[in-house]
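Per chain, numbering begins at 1; letters A, B, ... match sequence-line order.
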Amino acid sequence: MNKVIIAFSVAFLIVGCAGQGQQTAEIEQRDIFEESQSQAELERAEAEKQAQIQREQEELRRQLEEQQRRQEMADEMEMADQQAGGLDEPVIRPLSDEGFGDTQTQDDPWLQLNEPGSPLAERSIYYDFDRYDIKEEYVPIIEAHANFLLTNPELRIKVEGNCDDRGSREYNLALGQRRAESVKRAMTLLGVEENRIETVSFGAERPVAFGQDEASWSQNRRSDIVYVDQP
Amino acid sequence: MRSLRMVKTWILAVLLLVGSLPAQAQLTIDVIGGGASQIPITVLPLGNEQRYEQKISQIVSADLRRSGLFRLGAVGSKRPFPTQVKDVDYAYWRSEGAQNLVIGDVVPRPGGKVEVRFRMFDVGSEAQSLGFSFLVDSRQLRATAHKISDLIYEKLTGDVGAFSTKISYVVKRGETFELQIADADGYNPQVVHRYDEPIISPQWSPDGTRVAYVSFEKRKAIIYVLNVFDGSRKVLAAFSGSNSAPAWSPDGKRLAVTLTKDGVSQIYLINADGTGARRLTYSQSIDTEPNFSPDGRYLLFTSDRAGSPQIYRMRVDGSGDPRRMTFEGGYNVTPRHSPDGKSFVFIHRNQRRFNVAVQDIATGQVQILTSGRLDQSPTFAPNGKMILYASERKGRGILAAVSSDGRVKQRITAQAGDIREPAWGPLLNNRRKESPE
């Protein structure tokens, strides 16, 4: 029975992944078949494979979405460039492709994270007054971090929600929580495991700008993505 | 019976805040405006009071003036001031236009005690309308003066006085946050908790022995309960996510709080010892800022379930659907019941401003009481006559107060730092309106 499931899974995996990357996986699987004698080992192998199938399928789905988004992002950046009057060529790194199927994590993830110009260097999502929906322009930032988290499964983040100081402190605390949750939700929809994202709200208690005008308020209505354990 | 009750009040006043740090600065209160018809009263210096640092007649005068309901008369030109019944020259005080005249004296007694005697006369009928003697420790002269103010206020207005109460609030100085407790007139400020992370939402227990508040000292919102007698504190709620908006039930046995442990901010009931958390609201929206009705049967709270924050009312037993209470404007938050349960104050976004408003529960009628740019955290005096709230002036956080009819306004400033998040404490010993003797 188990063998049937495994065989089916392997077939599914091959179909699902169609192309680069699954060869190593297949060899590993065959090794496991040969070695595993006991029922327990079979079960463990199966669980592992199921997880891997899921991962790879998500990766594939993401890859497709990513390509789409990258195109959109490139278009957007081009537009922004034109508006700004010819800045430097934008640095666009197809992160998910680069690491796909091999052991890319030999690169220092912290370096990637702080590379100037990369969407990963952006850590803040900004909102309108009393809103917690993520505006179109911040979607690429969330996607970049989601992809980064998927390629670096050992990393965890905290999302900190903040508000401007108008209105009620307690309502703002709740609103900040919703803002943080909205980022978490977007990332989990992109495949990041829920337990790797902690949300916290500071409400209106930790402003970064102190003026009493829209310029300051808009700075304070934000979610910050903070990498836990970053050296 | 009455004297026994008063003795207990004094003991409480002395015990309160033992072990806490004295704050750096007194608060200053300015009164703006006044009641429509102010009651005339003349408070003469009490005999011998100059020997003491706390001048009772000045404290009483300041209390009465601050309420906005009294007009303080001139003390006349006759010296010495009368201190005994027989010394009162009614004809003279009539000619001075006095209607209610307060006299008295302060007499040293053995064992470091002081006897404070005061009398109030109705000049028109030439009769004593009030008279009491207090035997107190000399350190309790200020508290005694507030007690006298309460008695005068009650006699002449028919309402309970709230001069002997405490307020709590948060002072932000640089990156340091202090939870302070002071007398209702801003004197004797004491720091009861200090930390380099924000403190919000202090709320007094109904018996005045504890203050629940929210601290970010663990880098997230956690609710603590501080015992103001001994300074000890314990965690009330530290579930995953935010723990905030504590509100005591009238019997002090439990609190309504806002938790995010199950996702979005929802209202829970929790026992005062932190046990038995039970979810009360089930929405996909923000539900927060619960506040018990004085009879303990209802909660007012803020929810954005209709797309903008509005005030709702629900039964504490969870039965029935919450009823929306506010409909004017797109931002109504921070509901607080009046002590008689007939109305509630809240913060209403008034075009670009955020102001204190009051709404009658039965009729739904709304009155906007303040006009600041950013008014927050309204809290009723326990007699329902004044509303203390956080405001802002010249870029600094201040406290302000407005009478529930909007006529009298006060401004309360600290000498340094931002002052915010006020909470007016209860009447001590559950003191209610006392029958005349």
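- In this structure, the side chains of Leu173(A) and Phe216(B) come closer than 4.5 Å at one or more pairs of heavy atoms.
- Screening residues 171-180 of chain A for side chain to side chain donor-acceptor pair (under 3.5 Å) gives Asp130(A)-Tyr171(A), Tyr132(A)-Arg178(A), Gln177(A)-Thr199(A), Gln177(A)-Ser242(B) as the qualifying pairs, with residues at least two apart or on separate chains.
- Counting non-hydrogen atoms of other residues, nucleotides and ligands closer than 6.0 Å to CZ of Arg156(A) gives a total of 12 or fewer.
- Between chain A and the residues Ser265(B), Ala245(B), Ala221(B), the largest count of heavy-atom pairs under 4.5 Å involves Ala245(B).
- Proximity to chain B among residues 157-169 of chain A is limited to Glu160(A), Asp165(A), Arg166(A), Gly167(A), Ser168(A), Arg169(A), judged by heavy-atom separations below 4.5 angstrom.
- Options Glu392(B), Arg373(B), Lys220(B) differ in how many heavy-atom pairs under 4.5 Å they form with chain A, and the most are formed by Arg373(B).
- Within residues 349-357 of chain B, the residues having any heavy atom closer than 4.5 Å to a heavy atom of chain A are Arg349(B), Arg352(B), Phe354(B), listed by residue number.
- For the options Gly330(B), Pro198(B), Pro309(B), heavy-atom pairs under 4.5 Å to chain A are most numerous at Pro309(B).
- Applying a 4.5 Å heavy-atom cutoff, the residues of residues 206-222 of chain A that approach chain B are Arg206(A), Gln212(A), Trp217(A).
- Across Thr302(B), Thr334(B), Ile200(B), a single residue satisfies side chain to side chain contact (heavy atoms under 4.5 Å, CB included) together with Glu170(A), and that is Ile200(B).
- Note: Ile286(B) leads Ile286(B), Thr258(B), Asp287(B) in heavy-atom pairs under 4.5 Å with chain A.
- With a 4.5 Å cut-off on non-hydrogen atoms, Thr260(B) touches chain A through its side chain but not through its backbone.
- Heavy atoms closer than 4.5 Å to chain A are found in the side chain of Arg420(B), but not in its backbone.
- Around atom CD of Glu328(B), no more than 12 heavy atoms belonging to other residues, nucleotides or ligands sit under 6.0 Å away.
- The greatest number of non-hydrogen atom pairs below 4.5 Å with chain A, out of Val214(B), Val264(B), Ile347(B), is found for Val264(B).
- Residue Arg219(B) places its CZ atom among more than 12 non-hydrogen atoms of other residues, nucleotides or ligands, all under 6.0 Å distant.
- Residue Arg185(A) places its CZ atom among 12 or fewer non-hydrogen atoms of other residues, nucleotides or ligands, all under 6.0 Å distant.
- Crowding of Arg323(B) atom CZ: a count of heavy atoms from other residues, nucleotides or ligands under 6.0 Å not exceeding 12.
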